Amino acid sequence: MHEQEYVLSVKVLNNNGVLPRVGGLFARRGYSIKSLNAAETEEPSISRLTIVVSGDLRILEQIKNQLMKLYDVRDVQILRDAVTREHILIRAGRNSDDRHKIIEIANLYRAKPVDVAADSIMLELTGEPAKIDSFIDLLKPFGIIKMVRSGITALERD
Amino acid sequence: MLLSGSDIIVECLLEQGADTVFGYPGGAVLNIYDSLYKYSDKVRHIITSHEQGACHAADGFARATGKTGVVIATSGPGATNLTTGLATANMDSVPLVAITGNVSTNLLGLDSFQEVDITGVTIPITKHNFIVKNIAELADTLRLAFDIANSGRKGPVLVDIPKDITAATYEYAPVKPIAKAPAAVSESELDAALELIMKSEKPYIYAGGGVVSANAEEELKRLAELCDAPVSCSLMGQGAFDQTDRRYIGMLGMHGTVKAAAALNSCDLFIGVGTRFSDRVIGDPNVFGKNAKFIHIDIDPAEFNKNVEVGCTVKGDVKEVLKALCDKISQKKCAWTDEIIAKDFGEPVQKGTEEFPVTPQAVIEKLDELTNGQAVIATEVGQNQMWAAQYYKYKEPRSFISSGGLGTMGFGLGAALGAKVGRPDKTVVNIAGDGSFAMNLNELITASAHNIPIIEMVINNNVLGMVRQWQRLFYNKHFSQTTLDARHIDYVKLGESFGIQTFVINKNEDIEPILSKALEISKNAPVMIEVRIDRDINVLPMIPAGKPVIDPITEIDLEA
Ligand SMILES: Cc1ncc(C[n+]2csc(CCOP(=O)(O)OP(=O)(O)O)c2C)c(N)n1
Ligand SMILES: [Mg+2]
């Protein structure tokens with residue numbers, strides 16, 4: 001079957017050890033996680049995990065069923081039509097010349113400078129994961145010093 | 001009513017009807033044991049020799065009775081000693097509640113004396129687990145633990161309770177557990193299954209342990225009759241269908257009958273009920289039942305299409321599904337079924353040697369005859385386990401107690417003790433191998449100390465026979481570390497030292513008198529039998545791991 005990336009939106013109870021339970025399940029059964037984001041939701045006792053997985057439809061169904069067996073997991077949605085976003089903090093640049101060029105790229109992407117040093121600059125950007133990818137590619141020639149991606153968050157469209 | 005945490009624990013056990021628990025005391029559970037002392041007229045506590053034995057006993061109790069088993073252990077090593085027992089119960093979907101003590105909450109996370117993160121350790125081997133850090137949540141957590149253990153696909157739940165929680169006091173009011181109605185079964189899934197059944201000319205029913213857990217044996221029998229189908233059972237399904245019924249064609253899988261395998265390959269519809277299509281059954285998933293369509297009925301949808309691709313699935317409590325399905329089926333008649341039942345497929349027969357004339361087949365068949373197929377048989381793991389499954393004719397569910405999924409050597413004795421405690425009306429026999437016996441023979445002490453009158457039958461081939469069998473077939477007869485000749489165990493003396501009468505069977509004439517005597521003694525006291533057999537009696541038929549379930553091996557040339 002055809003391998004593809006899927007985005008799962010998983011509602012979990014905010015209980016002791018819920019992350020090792022979910023993470024352990026993926027590791028134990030050999031399901032691959034591309035990214036995982038965990039944060040609170042509108043209900044204080046519930047968190048939402050947004051998990052990007054890769055696999056075929058059979059694996060996807062397996063992952064969903066296995067997740068549903070965990071007591072702390074309350075709901076698993078496979079997102080098909082959703083708004084997906086990712087946030088990145090990235091520091092790049094080797095000299096002040098680089099810095100100027102980086103700012104040009106940043107303007108193009110509407111990325112925001114958040115910390116400026118003599119040679120390098122830290123930028124912040126939120127957008128579709130593909131946009132983040134291309135942003136990173138453009139910054140590569142200037143030497144990426146450090147970066148952190150939030151992992152994908154997503155909500156289904158109405 | 002204001003109670004201590006430990007009293008609340010015992011009250012919650014009583015709420016759930018758990019009046020028998022297995023366990024072992026220690027520092028972190030001193031408060032709990034003080035409450036057990038106080039409640040000793042209401043709760044029977046059985047101390048084993050080892051926490052592993054206690055966990056297997058709680059498991060055997062649960063398998064034999066259908067109730068949830070309870071085991072208690074102290075923190076640290078007490079808790080880690082439960083792990084093999086929990087994993088065993090988890091693989092076989094046995095409802096169990098394990099209560100462990102832990103260090104006080106102010107000492108958690110500091111590598112305190114006998115501190116182990118047992119909830120962390122047991123995540124992959126329990127259905128769920130809890131640590132209770134607030135006494136206000138104690139009672140409800142225990143109630144939830146029982147609920148989770150015993151609902152849906154059953155399994156073990158561990159509740160870790162720090163010592164200060166058991167010492168603190170809190171308001172307690174009893175709550176009666178409410179039985180939950182099973183979820184409705186999808187009509188469209190039922191109809192799809194019905195259509196396949198009505199079209200089929202060669203339907204084959206294959207029942208697993210899920211039929212036993214759902215108490216669905218009557219519905220299974222009805223399905224078999226309505227479909228006019230032959231029935232085979234998995235190892236875990238032994239007893240789900242009466243093996244003296246003409247429709248029964250034997251176990252399916254690595255050591256299943258030739259008939260069950262042959263029927264699999266000629267059937268046009270394979271109906272798997274309460275089963276998980278274990279790799280030990282399906283062999284090569286690409287050719288398993290390749291001429292058949294499939295219906296898979298199970299409570300756990302995660303088993304659908306996991307090991308075998310099946311087209312038609314019906315999710316739900318097996319009993320409910322079968323009831324609903326049977327109500328829709330109109331009586332079928334299948335000529336193929338009669339052919340399968342009538343045909344002799346040439347099942348292998350065991351032969352003894354001059355030195356060791358006795359065969360496990362002869363002993364187990366005699367045991368079946370003398371107990372009228374009514375005993376509860378526990379097993380260890382290895383050849384002994386397979387022979388116990390092959391040669392005793394199970395008539396009712398919960399009469400075969402064996403570690404199927406994990407294959408835990410050392411399981412049987414503890415499990416037999418738990419089964420006997422739960423079913424004192426039944427003859428309980430543990431069919432053991434000499435290797436498995438040596439792993440947890442410490443529990444003979446439990447049998448005699450509590451006078452739990454089981455029969456421990458050690459099938460002694462002086463080898464780790466099942467491993468030896470594989471070494472013979474696949475490792476050029478390099479019998480690496482599987483020959484136990486150097487042990488020289490005198491079973492009679494060993495048994496006697498524990499106060500257990502012990503007999504040896506090494507002649508065919510002895511089989512009946514010794515079995516009869518042991519059955520008589522076991523009305524009042526535990527008894528042990530050593531059955532001496534040749535080391536090269538193999539388990540047959542056999543389908544090598546991962547190979548197609550076609551043409552099982554029925555003979556192994558020992559000279560080759
Ligand atoms: C705890 C454990 N360790 C190792 C094994 C691997 N194993 C499977 S069968 C077997 C041999 C069992 O020997 P014995 O109890 O004498 O039974 P026999 O096959 O000889 O009847 C072994 C070592 C196991 N299943 N469980
Ligand atoms: Mg042996």
Side-chain angles (χ1 to χ4, degrees), chain A residues 1-4 6-33 36 38 40 43-47 49 51 53-80, chain B residues 87 90-91 93 102 105 108-109 117-134 137 140-141 143-162 183 276-277 285 296 298-311 313 315:
Chain A
M1 256 194 267
H2 180 60
E3 287 251 342
Q4 205 186 312
Y6 296 93
V7 183
L8 300 180
S9 187
V10 184
K11 273 186 166 185
V12 297
L13 296 179
N14 263 335
N15 281 342
N16 217 308
V18 58
L19 278 180
R21 284 181 212 282
V22 173
L25 174 76
F26 276 79
R28 193 156 77 235
R29 296 200 177 263
Y31 307 143
S32 75
I33 299 186
L36 186 150
E40 276 184 16
E43 294 166 70
S45 63
I46 300 263
S47 286
L49 311 183
I51 309 174
V53 301
S54 78
D56 58 31
L57 279 174
R58 182 168 163 186
I59 294 289
L60 186 70
E61 192 63 21
Q62 279 292 310
I63 294 175
K64 186 180 166 187
N65 284 331
Q66 292 292 353
L67 279 171
M68 284 306 290
K69 281 170 70 168
L70 297 180
Y71 175 76
D72 288 336
V73 171
R74 292 294 131 148
D75 185 46
V76 180
Q77 296 281 331
I78 300 164
L79 300 184
R80 315 246 176 219
Chain B
N90 195 47
M91 284 294 258
S93 311
N102 208 331
T105 46
L108 281 172
D117 169 19
I118 197 65
T119 50
V121 169
T122 57
I123 285 176
I125 55 170
T126 52
K127 186 172 172 190
H128 191 59
N129 61 29
F130 298 94
I131 177 163
V132 181
K133 292 185 180 168
N134 176 354
E137 292 166 9
D140 280 343
T141 303
R143 289 169 188 140
L144 186 55
F146 274 90
D147 182 46
I148 294 172
N150 202 30
S151 58
R153 177 167 175 182
K154 299 169 202 264
V157 178
L158 179 137
V159 185
D160 194 28
I161 310 174
R276 62 186 177 84
F277 291 91
H296 189 181
D298 202 83
I299 196 160
D300 180 4
E303 294 302 342
F304 296 155
N305 301 309
K306 188 183 80 178
N307 293 355
V308 178
E309 289 249 28
V310 291
T313 60
K315 178 185 138 186

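Worth saying up front: this structure is predicted, and the values here are computed from it rather than measured. Quick note on labels: first sequence line is chain A, next is B, and so on, each numbered from 1.
Proximity to chain B (any heavy atom under 4.5 Å) is restricted, for A/Arg28, to the side chain, taken from C-beta onward. Proximity to chain B involves both the backbone and the side chain of A/Gln66, based on heavy atoms less than 4.5 angstrom apart.
Counting only heavy atoms from C-beta outward, the side chains of A/Asn65 and B/Lys306 never approach each other to under 4.5 Å. In this structure, the side chains of A/Met68 and B/Asp300 stay at 4.5 Å or more apart for every pair of heavy atoms. Between A/Asn16 and B/Ile131, some side-chain heavy-atom pair lies under the 4.5 Å cut-off.
In terms of heavy-atom proximity, B/Ala302 sits nearest to A/Gln62 at O-NE2, 3.3 Å. The minimum heavy-atom distance linking B/Ile123 with A/Pro20 is given by the pair CD1-CB, 4.0 Å.
Ring geometry for B/His128 versus A/Tyr71: interplanar angle of 30 to 60°, hence tilted.
In A/Lys69, the NZ atom is crowded: over 12 heavy atoms of neighbouring residues, nucleotides or ligands sit closer than 6.0 Å.
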